[in-house]
Amino acid sequence: MIDNQLVRCLNLTVMEKILREILKKAVNAQYAEVSIEIEIPKEEGFGDLSTPIAMGLAKPLKKPPRKIAEDIVNSIENKEIFEKIDIAGPGFINFTFSKRYLCDELKELIEKQDNFLIEDIGKGKRVQIEFVSANPTGPLHLGHGRGAALGAALSNLLTEAGYRVEREYYINDAGRQVRLLGMSVLAKYKQLIGIEYPFPEDCYKGEYIEDLAKEFKESQESRVKSQELKDEELLEEITDFAYKKMLDAIKKDLADFGVFFDSWQSEKVLYEKGEVVQAINDLKKRGYIYEKEGATWFKSTEFGDDKDRVIIKREGDYTYFAPDIAYHRKKIEKGFDEIIDIWGADHHGYVPRMQAVIQALGYPKEHLRVLLVQMVTLLRGGKPVQMSKRAGEFITLREVMDEIGTDTTKFLFLTRRADSHLEVDIEVAKAQSSENPVYYVQYAHARINSIFEKARQEAIGYRQEVIDFNGELFNEEEIRIIKKLLLYPMMFRNAAIAHEPHRITFYLQELAGMFHPYYHKHRVVSEDLEITKARLALCKAIQIVLRHGLKILGVKAPERM
RNA sequence: GCGCCUGUAGCUCAGUUGGAUAGAGCAACUGCCUUCUAAGCAGUGGGCCAGGGGUUCGAAUCCCUUCAGGCGCGCCA
């Protein structure tokens with residue numbers, strides 16, 4: 001098998017073909033289907049690309065790996081795209097591309113722009129990504145921010161990779177949590193109008209509860225004639241008011257964070273449209289529903305779950321799981337080719353039962369891909385901060401956003417793998433905000449911009465759309481940067497396949513880390529017109545790549561800083 | 001007790017899905033602004049990849065095991 005994931009950039013497809021042809025010639029037929037791995041060596045001295053293929057063949061062929069490597073190299077035909085091909089160490093074959101070839105690719109990058117960078121791996125497939133989906137019972141906290149940043153970046157990434165993406169937020173507006181919110185606000189409201197009213201256990205306690213109560217009093221009291229209502233009716237009014245207010249606040253937070261959704265699916269609406277009942281009937285028809293001890297169960301063990309799950313309690317209420325079934329059935333019916341849920345890792349126990357639902361409905365469990373985002377542990381000056389809406393003690397996304405900025409906040413989340421536990425010390429984050437890596441990347445972009453301004457002032461006559469430069473003029477450092485640029489498509493592809501936007505973040509830092517020293521050392525706009533043109537072309541390419549990466553991350557690419 | 005995630009520099013984290021001498025940013029210390037932006041650059045120090053076994057040409061990466069931390073194991077949501 002050819003390792004497709006690694007094969008792409010620097011026209012690797014060509015190389016893959018070459019190597020495979022060669023192998024067929026060089027190796028017995030029975031070994032022709034051997035795995036061809038192609039990698040990027042860590043050490044620069046080992047060329048631009050490398051294959052350990054000879055070592056893998058040593059045993060079956062019963063020949064020394066270096067000898068096999070020699071045979072392979074000798075039978076390579078179109079060597080002109082390479083500057084050299086070395087055999088190194090125990091039998092690595094190292095390929096170094098020619099300047100000529102690299103410059104041709106660079107030109108193509110500048111001409112095709114984003115189209116050079118992306119690869120259509122989605123082929124128009126429709127995918128839905130559901131993320132955040134925080135209960136509308138309080139403001140978003142920092143943990144939600146992580147999900148938001150990831151979901152948005154992944155959506156962008158997959159969109160660029162040729163998928164048709166729908167971003168959805170599932171609103172839990174029907175359950176106990178929302179009722180608790182209503183009760184909390186009701187109690188506060190009663191207290192506000194001077195009525196002795198117990199503040200129930202388990203209720204939400206944040207300051208925002210009081211704000212909601214006040215707001216209700218000011219704007220709704222007269223309308224609903226609350227004095228005349230029974231407590232139960234009043235609770236309904238208040239609950240409705242409160243969660244809608246919270247949802248608006250959440251939408252505002254997300255919009256200010258630069259995160260947008262195409263679809264907002266209400267749990268309540270699922271009930272109202274009878275979709276919960278339909279979903280259960282559907283499963284019943286398929287034979288996965290049964291009654292036991294007065295309750296209604298879903299036979300999730302049929303598909304590998306630990307135990308069967310109750311969907312209708314003995315008292316007749318639905319469990320939380322029931323609307324979730326309806327919700328996922330709805331996703332399926334919308335006809336997506338793939339469904340992605342981004343959940344907090346504390347919900348990981350629900351993955352098997354949800355995938356059981358998918359399978360019960362006749363789809364492979366891979367149809368639903370659940371990405372678990374690990375917990376964000378919050379510290380303040382080294383001490384852990386408990387995150388609890390009920391206790392009313394938590395750090396909001398808004399707070400952090402306002403303090404250190406949206407770009408910095410996003411970058412903070414996107415420089416981590418989703419499944420790494422994340423520790424954020426809010427004091428440290430604030431202290432470091434002015435030296436955050438995000439600025440390093442943005443600064444590179446802004447600097448390039450001012451280079452072009454300079455070029456315009458100097459009347460160099462450079463037109464961004466005209467790519468006319470002499471590649472022979474590039475020095476070592478410039479060649480290194482070009483190689484890095486040409487790696488972007490492979491990195492992009494791998495990030496998209498793995499659903500890991502953080503790879504882009506790291507790549508951008510590396511690229512910026514090559515540009516800044518280069519900038520410092522070499523003047524781009526100089527009296528030598530030919531060199532200037534070549535360097536401007538390089539800068540243009542860097543800017544194209546930076547812009548594309550930042551776009552995916554949802555981070556601004558400023559013209560100046 | 002069972003399951004999932006994690007353990008890499010003082011701190012926060014990468015490590016191209018098994019490759020060659022393990023990287024970056026902070027923090028610490030030394031230098032550099034009449035030049036296209038110093039949110040930058042140059043340099044120094046810092047490691048038993050949690051421990052132990054195994055698999056093979058080759059392991060931070062795969063398997064087993066021990067330890068440590070986080071999170072789950074409801075007719076809660």
Side-chain angles (χ1 to χ4, degrees), chain A residues 3 5-6 37 39-43 45-46 50-52 55-56 58-59 65 88-92 94 135 137 172 175-178 180 292-297 306-307 309-315 317-321 324 344-352 372 374-375 377 382 412 415-425 428-429 431-432 434-444 446-455 457-458 487 490-491 494-495 498 502-503 505-507 509-510 512-513 515-526 532 535-536 539 560-561:
Chain A
D3 192 347
Q5 296 200 12
L6 289 177
E37 287 167 45
E39 11 178 275
I40 306 156
K42 283 175 197 159
E43 286 290 318
F46 297 138
S50 176
T51 178
M55 279 123 75
K59 205 171 212 180
F92 289 101
N94 299 332
N135 288 343
T137 54
N172 292 109
R176 186 181 127 80
Q177 294 307 320
V178 169
L180 267 178
K292 193 179 91 180
E293 294 162 7
T296 304
W297 298 69
D306 293 337
K307 52 176 96 167
R309 307 292 171 178
V310 172
I311 51 178
I312 303 174
K313 300 180 214 171
R314 201 179 302 142
E315 299 83 41
D317 295 337
Y318 290 106
T319 63
Y320 179 81
F321 188 38
D324 259 359
D346 52 341
H347 290 85
H348 74 260
Y350 297 86
V351 176
L372 296 171
Q374 279 297 336
M375 304 284 90
T377 308
L412 173 76
T415 40
R416 269 91 178 171
R417 268 177 19 250
D419 56 5
S420 74
H421 301 261
L422 170 54
E423 246 179 38
V424 179
D425 191 316
V428 174
Q432 285 179 357
S434 61
E435 320 187 8
N436 193 280
V438 71
Y439 297 122
Y440 191 73
V441 176
Q442 291 181 316
Y443 192 42
R447 265 186 158 169
I448 290 172
N449 198 60
S450 62
I451 289 173
F452 281 113
E453 257 171 39
K454 177 77 177 173
Q457 281 165 22
E458 303 282 314
L487 284 176
M490 180 168 78
M491 182 283 303
N494 290 340
H502 78 271
R503 297 191 189 204
T505 320
F506 280 89
Y507 173 92
Q509 289 185 74
E510 287 161 14
F515 171 72
H516 285 303
Y518 168 74
Y519 171 90
H520 195 260
K521 196 168 167 190
H522 302 285
R523 261 195 89 75
V524 174
V525 180
S526 68
T532 299
R535 290 184 174 171
L536 283 172
C539 286
R560 60 184 69 248
M561 288 172 74

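Below, read A as the first sequence line, B as the second, and so on, with proteins coming before strands; counting in each chain starts at 1. Predicted model only: the values in this text are computed from it and were never measured.
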So which protein N/O to nucleotides 27-29 of chain B N/O distances come out below 3.5 Å?
residue	atom	partner	partner atom	Å
A27(B)	OP1	E435(A)	OE1	3.1

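- Base pairing of G1(B): its partner is C73(B), meeting the Watson-Crick or G-U wobble criterion (both donor-acceptor distances under 3.5 Å).
- Dashed line: the shortest gap from a side-chain N or O of H502(A) to OP1 or OP2 of G15(B) is under 4.0 Å.
- In this structure, the side chains of M490(A) and I40(A) come closer than 4.5 Å at one or more pairs of heavy atoms.
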Using the 3.5 Å cut-off, write out each protein N or O paired with an N or O of nucleotides 67-71 of chain B and the distance between them.
residue	atom	partner	partner atom	Å
G69(B)	N2	H421(A)	NE2	3.2

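- For the OP1/OP2 pair of C75(B) and a distance below 4.0 Å, the side-chain nitrogens and oxygens of K313(A) include no atom meeting the criterion.
- Among the atoms of the strands shown, none is found under 4.0 Å from any heavy atom of A444(A).
- When the ring-ring contact (aromatic ring centres under 6.0 Å, His included) test is applied to F506(A), no partner is found at least two apart in sequence or on another chain.
- Under the side chain to side chain contact (heavy atoms under 4.5 Å, CB included) criterion, M375(A) pairs with A345(A), D346(A), sequence neighbours left out.
- Using a 90° window around 0 for the glycosidic torsion, U44(B) falls outside it and is classed as anti.
- Taking side-chain N and O atoms only, R309(A) has no distance below 4.0 Å to OP1 or OP2 of G74(B).
- The base of A14(B) lies outside donor-acceptor range of the side chain of S420(A), with no N or O pair under 3.5 Å.
- Per the stacking criterion (ring centres < 5.5 Å, plane angle < 30°), F92(A) stacks onto the base of A20(B).
- In this structure, the ring-ring contact (aromatic ring centres under 6.0 Å, His included) partners of H522(A), at least two apart in sequence or on a different chain, are Y518(A).
- Stacking of F46(A) onto the six-membered ring of A20(B) is present: less than 5.5 angstrom between centres, less than 30° between planes.
- If you find the closest nucleotide of RNA chain B to A498(A) and to G89(A), the one lying nearer the 5' end belongs to A498(A).
- The side chain to side chain contact (heavy atoms under 4.5 Å, CB included) check on V351(A) picks up W343(A), Q355(A), V370(A), L372(A), with sequence neighbours excluded.
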